[in-house]
Amino acid sequence: MTDRQRTDLTPPEPESYGGPVEYLSQDDLRVPTHQLVTPDGEYDESSIPDLDDEAFRDLYRWMVSDRVFNRRMVKIQRRGELGTFGTTRGQEASIVGSAYTVAPDDWMYLGRAWTAMFMRGVPMRDMILFWRGIEESQQSFAEHNSQIAIAVGAHLPLATGTAWGMDIRDADEITMAYLGDGATSTGVVHEGLNLAGALEVPALFFCQNNQYAISMPFSEQTGANTIAQKALAYGIDAIRVDGQDVLAVYDAVMEARERVKRGEPVFVESVTYRLDAHTTSDDPHRYRTEEEEQAWEENDPIERYRSFLESEGLWAAIDHDAIVEEINAEFDAALAAANDFSEREVSEMFAHVYEELPPELRRQLTEFEQFLEEHPEAYDYIDQRPKG
Amino acid sequence: MNATIVEAVNDALHTEMAADERVLVFGEDVARSGGVFRATEGLLEEFGHDRVVDTPLSEIAIIGGATGLAMYGYRPVAEIQFSGFLPPAFDQLVSNASRMRWRTRGEFTASMVARMPYGAGVRALEHHSESMEGSYAHIPGLKVVIPSTPSDTKGLLTAAIRDPDPVLFMEPKRIYRSFREEVPEGDYEVPIGEAAVREEGEDVTLVSWGSMMPMAEEAAANVDADVELVDLRTISPMDTEAVVESVKKTGRAVVVHEGPRTGGVGSDVVARINDEALMYLEAPVERVTGFDTQVPMLSMEDFYFPNPPRIAAGIERALSV
Ligand SMILES: Cc1ncc(C[n+]2csc(CCOP(=O)(O)OP(=O)(O)O)c2C)c(N)n1
Ligand SMILES: [Mg+2]
């Protein structure tokens with residue numbers, strides 16, 4: 001546990017005196033961006049993480065899985081089988097490289113990173129249920145010590161809190177919180193970070209700067225040049241990484257984890273891009289150009305990693321089409337299982353409000369059940385849509 | 001012009017921005033993309049980046065910033081993308097906007113509008129479906145307005161922008177586009193603080209507002225009784241007189257709202273009826289409301305809010321005594 005002994009406050013002792021007023025400016029900061037494989041596929045063998053061939057292949061498989069999952073989800077949304085859906089296309093390296101570091105007992109708070117959930121064992125079915133608005137999906141996430149924050153940024157203090165508990169207990173696990181660039185403009189994120197920095201808790205904050213918060217480009221989201229630098233204000237060290245380079249992301253987050261496990265929070269900014277619309281109800285061409293999108297399409301994280309695998313001679317052992325087929329089959333099975341989810345009793349709406357139903361709530365439930373029995377015409381207005 | 005509710009919002013903003021250059025519109029995704037519901041579409045093109053501003057994702061700063069602008073003489077109309085994301089900024093409403101006049105003995109005021117779509121029924125995940133007007137009505141110094149028709153939307157939003165005090169303008173997003181009606185062109189104001197009697201009747205008073213009005217109308221049409229339908233329109237300050245006068249005539253009342261029952265505005269309506277018309281009542285006042293649960297995500301949300309059969313059953317209970 002972090003030492004919380006109080007030390008006496010001493011007056012400041014400037015290094016020198018006299019001279020003009022000096023600014024502390026972000027322009028003086030050097031904020032390096034960690035990259036291992038260049039967009040052209042060049043790399044320095046000696047800095048590649050020490051992974052076995054299976055792990056290298058695994059990273060590829062998960063990235064492809066992410067892409068296929070997104071494609072299938074958009075497809076079923078268009079058929080009216082989901083509410084809305086927001087894809088993670090373009091962010092595969094950022095998501096997979098970071099989530100590949102996670103240990104089974106770690107806690108996770110997620111933003112746009114659905115596959116990170118699959119990587120810790122959440123069934124694909126439950127992500128389909130989630131986007132169909134079925135609460136049991138969130139129960140499944142919770143069984144895997146994870147949850148998705150819909151209120152942007154609101155999870156950061158939760159992450160700090162669970163990490164605080166881990167610190168007190170001297171636990172081996174850490175807390176990892178994903179957040180977006182937009183989230184860093186909320187007050188709650190800053191309180192969560194500050195508390196983590198002040199208490200020195202084992203929390204790893206992983207910010208996917210995908211350049212957009214719906215229509216808001218990063219350049220207008222903040223006056224700060226980078227997101228990484230914001231962590232410094234809270235005494236939290238930061239790493240900025242090329243989020244289109246899966247090995248760099250893995251390397252950076254592994255490095256961060258080591259430090260987090262020693263009890264120091266770390267903040268990682270992963271520079272990536274949301275290639276698709278914010279969600280299926282958004283039209284990005286209202287606020288960004290096709291030229292910009294094209295430039296990022298050409299910075300495809302899967303393509304870059306493929307060229308690395310080719311250079312390493314690992315590509316030959318990978319059957320891309322077979323992977324796609326496997327994931328499609330997994331999705332088909334998940335969709336069938338999701339479609340088997342049956343309509344729920346109305347009592348489900350009242351369950352889990354409290355541990356025990358208070359009398360007034362019990363009365364509301366009983367009256368409503370009775371009403372539904374006596375007035376089947378009410379079902380003309382009630383459609384559970386368990387299939388989306 | 002013929003308009004939906006969301007088009008009426010847009011028209012009111014266009015008209016007021018053209019009439020008064022102190023009016024500013026800002027919030028998340030309101031400028032370039034025209035708002036996630038397109039309520040602010042075309043404003044950027046007409047009034048430019050100085051007056052129509054995409055803000056960072058910062059609800060606290062949006063509401064607090066609006067308050068500061070208002071103190072300095074501007075007329076900000078801030079958008080909160082979904083009412084479920086207002087809570088962080090609740091603090092700015094409670095601690096600053098609503099008490100600026102009081103704190104400074106009238107030297108500074110917060111003549112500002114916070115607009116936000118509210119309510120369930122748009123097939124969303126968590127935090128996109130709440131109806132928390134009860135919580136907001138509890139804040140002294142804040143006005144809470146909820147229109148239910150396109151022309152009221154235009155008139156009330158115009159009045160809200162011109163109002164000398166802070167107004168929380170809650171827009172019933174489920175019926176944003178569900179019907180059209182004639183909306184007056186140009187300058188059009190509907191006074192804040194006045195309810196509207198939508199249908200006159202002798203047997204029972206049905207009080208509702210916002211997203212529940214179409215449901216209430218349908219229920220009223222389906223029961224075998226002469227229903228007086230009152231659209232509250234302003235939640236705070238409430239038009240007690242309109243409700244009380246109607247109840248004095250009918251002797252029976254039902255209040256319908258979407259938000260949770262406990263601490264809901266319906267409780268206040270009942271209390272006011274009891275205060276001023278108890279002796280006229282022939283039956284206890286019925287409440288048909290959302291439940292004291294979270295609003296479920298899209299799959300089960302239809303269970304949550306009152307529907308015409310539930311409202312009709314409430315009317316029949318009020319008539320049965
Ligand atoms: C507090 C809050 N305000 C507004 C919204 C509506 N909203 C949903 S996602 C989003 C943008 C989020 O941007 P970012 O944090 O960059 O995450 P990304 O969607 O890019 O993954 C907004 C404004 C919300 N969910 N929560
Ligand atoms: Mg983003």
Side-chain angles (χ1 to χ4, degrees), chain A residues 83-84 129-135 137-138 148 150-154 180-188 213-216 220-222 278 281-284 286-288 343-344 346 348-350 352-353 358 360-361 364-365 368 371-372 374-375 377-386 388, chain B residues 28-38 41 53-61 64 81-82 84-85 87-89 91 122-129 215 218 222 260-262 288-310 312-314:
Chain A
T84 54
L129 292 184
F130 179 70
W131 291 95
R132 287 180 170 180
I134 292 169
E135 282 77 11
S137 58
Q138 291 172 307
I148 294 176
I150 294 295
V152 165
D181 44 296
T184 64
S185 293
T186 63
V188 65
I214 310 187
S215 71
M216 181 58 124
E220 290 170 42
Q221 185 65 246
T222 172
H278 172 71
S281 7
D282 173 48
D283 170 13
R286 300 174 76 91
Y287 52 81
R288 71 186 189 191
E343 297 206 344
R344 292 167 290 168
V346 65
E348 199 55 39
M349 187 167 77
F350 291 76
H352 307 296
V353 179
E360 165 65 16
L361 212 46
Q364 291 181 16
L365 170 60
F368 192 34
F371 166 82
L372 287 169
E374 288 165 9
H375 295 272
E377 75 275 15
Y379 282 104
D380 294 347
Y381 299 86
I382 297 168
D383 181 4
Q384 281 205 42
R385 299 169 294 213
Chain B
E28 294 158 18
D29 309 291
V30 300
R32 229 176 258 118
S33 107
V36 296
F37 290 101
R38 306 279 167 260
E41 183 132 62
V53 180
D54 279 324
T55 65
L57 205 168
S58 307
E59 282 77 13
I60 299 173
Q81 200 163 80
F82 287 89
F85 304 125
D91 177 43
V122 296
R123 314 203 58 211
L125 299 176
E126 276 190 273
H127 313 299
H128 291 75
S129 310
M215 302 279 191
E218 193 178 328
N222 289 342
R261 187 177 183 87
T262 296
V288 182
T289 68
F291 299 103
D292 291 344
T293 70
Q294 313 294 354
V295 187
M297 300 201 291
L298 55 133
S299 170
M300 283 192 88
E301 67 176 338
D302 292 349
F303 278 115
Y304 181 81
F305 49 85
N307 51 42
R310 266 184 75 198

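Residue numbering restarts at 1 for every chain, and letters A, B, ... go by the order of the sequence lines.
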Next item on the list: Would you mind telling me which of A:Gln138, A:Arg132, A:Gln364 has the largest number of heavy-atom pairs within less than 4.5 Å of chain B?
Entry: A:Gln364
Checklist line | Atom CD of A:Glu220: over 12 foreign heavy atoms under 6.0 Å | finding: yes
Next item on the list: Tell me, for A:Glu343 versus chain B, whether the close heavy atoms (under 4.5 Å) come from the side chain, the backbone, both or neither.
Entry: neither
Notebook entry, point to check: Where on B:Phe85 is there a heavy atom nearer than 4.5 Å to chain A: the side chain, the backbone, both, or neither?
Noted result: side chain
Next item on the list: Give every residue pair that meets the salt bridge (Lys or Arg N to Asp or Glu O under 4.0 Å) criterion with at least one member in residues 291-300 of chain B, sequence neighbours excluded.
Entry: none
Next item on the list: Examine whether an atom of A:Leu361 lies under 4.5 Å from a heavy atom of chain B, and if so say whether it belongs to the side chain, the backbone or both; otherwise answer neither.
Entry: side chain
Checklist line | pair B:Pro56-A:Gln221: side-chain heavy atoms closer than 4.5 Å | finding: yes
Check: Is the backbone of A:Arg385 close enough, under 3.5 Å, to the side chain of B:Ser299 for a donor and an acceptor to pair up by distance?
Finding: no
Margin query: Between B:Phe82 and chain A, with a heavy-atom cut-off of 4.5 Å, which part of the residue counts as in contact: side chain, backbone, both or neither?
Written below: neither
Next item on the list: Could you label the plane-to-plane angle of the B:Phe303 and A:Tyr379 rings as parallel, tilted or perpendicular, counting under 30° as parallel and over 60° as perpendicular?
Entry: perpendicular
Next item on the list: Considering only heavy atoms and a distance below 4.5 Å, find which of A:Met216, A:Glu348, A:Glu360, A:Met349 pairs most often with chain B.
Entry: A:Met349
Next item on the list: Give a yes or no answer on whether the side chain of B:Ser58 reaches the backbone of A:Ser185 with a donor-acceptor pair at less than 3.5 Å.
Entry: yes
Checklist line | Residues forming a ring pair (Phe, Tyr, Trp, His ring centres under 6.0 Å) with A:Phe371, sequence neighbours excluded | finding: A:His375
Next item on the list: Give, as side chain, backbone, both or neither, the part of A:Ala183 having an atom under 4.5 angstrom from any heavy atom of chain B.
Entry: backbone
Checklist line | Per-residue contact mode, B:Glu301 against chain A (heavy atom under 4.5 angstrom) | finding: side chain
Checklist line | Between OG on residue B:Ser33 and CG on residue A:Asp282, distance to nearest 0.5 Å | finding: 7.0 Å
Check: Does the side chain of A:Gln384 come within less than 4.5 Å of B:Met300's, by heavy atoms?
Finding: yes
Note to self: Please rank A:Ile134, A:Thr184, A:Thr84 by heavy-atom pairs under 4.5 Å with chain B and give me the top one.
What the structure shows: A:Ile134
Next item on the list: Report the option among A:Leu365, A:Leu129, A:Val346, A:Val353 that has the most heavy-atom pairs separated by less than 4.5 Å from atoms of chain B.
Entry: A:Val346
Check: Relative to chain A, which segment of B:Val36 carries a heavy atom at a distance below 4.5 Å: side chain, backbone, both, or neither?
Finding: side chain
Checklist line | Which portion of B:Pro88 sits near chain A, non-hydrogen atoms under 4.5 angstrom | finding: neither
Check: Relative to chain B, which of A:Glu374, A:His352, A:Arg344, A:His278 shows the most heavy atom pairs under 4.5 Å?
Finding: A:Arg344
